[in-house]
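Predicted, not measured: the structure shown is a model, and the values here were computed from it.
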Amino acid sequence: MPSTPEEAFRRLLDLILAKNTDAVADLWAQDGTVEFPFAAGSSPCRLAGREEVRSYLSALPGLVDMREMSSVTVHHTERPETIVVEFTGKGHTVRTGEPYRLDYIAVITIQDGLITRYRDYWSPLAVAEAAGTLPELLDALRSKAAG
């Protein structure tokens, strides 16, 4: 089990590349959370608990064939249990076969070797464009604005 936030994050990246989403979810505390502050459309804003994280991650291999995590920069904070990381995910979109490249920023807190809070600051427009679902996202946003 990872003992520092940086070790947990690097383990998470390795497991995503290995497409082992169950093991990624096992890095979360039973009541750990994921927050997506910029979520839009049908994307969730928050996941509560390891099993919600597991369910969410189970769809990942069907969406993106992640091949590389690069440009990893870890920023340590005044709180030793929390780090801020910047990284780039690269691969191919399963739906379109098009190249996938997205920059991420995440704030990660761990306690007792498990992730208790993961705040993922990704761009919903960039994800939708990369996944070939931009028209659906725009339709969802238009519906929300009209309703």
Side-chain angles (χ1 to χ4, degrees), residues 2 4-29 31-79 81-110 114-147:
T4 69
E6 185 169 353
E7 288 173 357
F9 175 72
R10 292 192 183 276
R11 179 75 179 135
L12 180 147
L13 293 182
D14 290 344
L15 292 169
I16 287 175
L17 290 173
K19 298 173 184 31
N20 189 344
T21 58
D22 273 338
V24 173
D26 288 340
L27 294 174
W28 259 259
D31 61 349
T33 61
V34 178
E35 298 167 30
F36 304 104
F38 299 141
S42 63
S43 296
C45 294
R46 186 172 194 275
L47 305 172
R50 181 185 298 150
E51 295 314 311
E52 275 192 31
V53 172
R54 186 180 317 282
S55 178
Y56 177 82
L57 290 173
S58 70
L60 185 63
L63 300 172
V64 178
D65 180 13
M66 200 67 76
R67 297 294 182 145
E68 179 184 347
M69 298 294 192
S70 63
S71 304
V72 177
T73 303
V74 177
H75 303 278
H76 296 272
T77 70
E78 291 179 7
R79 299 175 63 199
E81 70 276 7
T82 301
I83 59 172
V84 177
V85 293
E86 301 174 72
F87 61 103
T88 300
K90 298 177 184 176
H92 289 86
T93 302
V94 172
R95 180 176 175 180
T96 65
E98 293 292 319
Y100 176 92
R101 182 191 181 283
L102 192 66
D103 296 320
Y104 296 87
I105 295 175
V107 180
I108 304 163
T109 301
I110 81 162
L114 296 171
I115 298 169
T116 57
R117 188 174 186 201
Y118 189 105
R119 284 171 283 158
D120 195 346
Y121 293 88
W122 51 266
S123 165
L125 291 175
V127 169
E129 182 177 29
T133 61
L134 189 54
E136 291 92 334
L137 175 60
L138 293 174
D139 287 345
L141 292 173
R142 285 184 193 109
S143 293
K144 184 177 180 180

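Under the ring-ring contact (aromatic ring centres under 6.0 Å, His included) criterion, F87 pairs with F9, Y104, sequence neighbours left out. Annotation: side chain to side chain donor-acceptor pair (under 3.5 Å) contacts of D22 (sequence neighbours excluded): R54. E35 pairs by the side chain to side chain donor-acceptor pair (under 3.5 Å) definition with R117, not counting sequence neighbours. Contacts of S55 classified as side-chain contact (heavy atoms from CB on, under 4.5 Å), with partners at least two apart in sequence or in another chain: none. The side chain to side chain donor-acceptor pair (under 3.5 Å) test applied to T93 returns no partner, not counting sequence neighbours. A140 is linked by a side-chain contact (heavy atoms from CB on, under 4.5 Å) to nothing, counting only residues two or more places apart in sequence or in another chain. Qualifying salt bridge (Lys or Arg N to Asp or Glu O under 4.0 Å) partners for R95, counting only residues two or more places apart in sequence or in other chains: E136. With sequence neighbours excluded, no residue forms a side chain to side chain donor-acceptor pair (under 3.5 Å) with S58. Considering only residues two or more places apart in sequence or on other chains, D65 meets the salt bridge (Lys or Arg N to Asp or Glu O under 4.0 Å) condition with K19, R67. Y121 pairs by the side-chain contact (heavy atoms from CB on, under 4.5 Å) definition with P37, F38, I105, V107, R119, not counting sequence neighbours. Applying the salt bridge (Lys or Arg N to Asp or Glu O under 4.0 Å) rule to R10 yields the partners E6; only residues at least two apart in sequence or on another chain are considered. When the salt bridge (Lys or Arg N to Asp or Glu O under 4.0 Å) test is applied to E98, no partner is found at least two apart in sequence or on another chain.
The main-chain N or O of S71 is never found under 3.5 Å from a side-chain atom of T88 such that the two would form a donor-acceptor pair. In this structure a side-chain-to-backbone donor-acceptor pair under 3.5 Å is present from T116 to T109. Within the 3.5 Å criterion, the main-chain N or O of T33 finds a donor-acceptor partner in the side chain of W28.
Closest of all the heavy-atom pairs between L57 and P61 is O-CD, 3.6 Å. Shown here for M69 and I16, the closest heavy-atom pair between the two residues is CE-CG2, 3.7 Å. Contact detail for L47 and V53: the closest heavy-atom pair is CD1-CA, 4.1 Å. The minimum heavy-atom distance linking P44 with A39 is given by the pair O-CB, 3.3 Å. Among all heavy-atom pairs drawn from A8 and I110, the shortest one is CB-CG2, 4.2 Å.
In this structure, the side chains of R46 and E52 stay at 4.5 Å or more apart for every pair of heavy atoms. Taking the side chain as every heavy atom from C-beta outward, V74 and H76 approach each other to under 4.5 Å.
Note: T82 OG1 to I108 CD1 = 9.5 Å, rounded to the nearest 0.5 Å. Note that the CG atom of L13 and the CE atom of M66 stand 9.5 Å from one another [nearest 0.5 Å].
Ion pairing between R142 and D139 holds under the 4.0 Å rule for side-chain N and carboxylate O.
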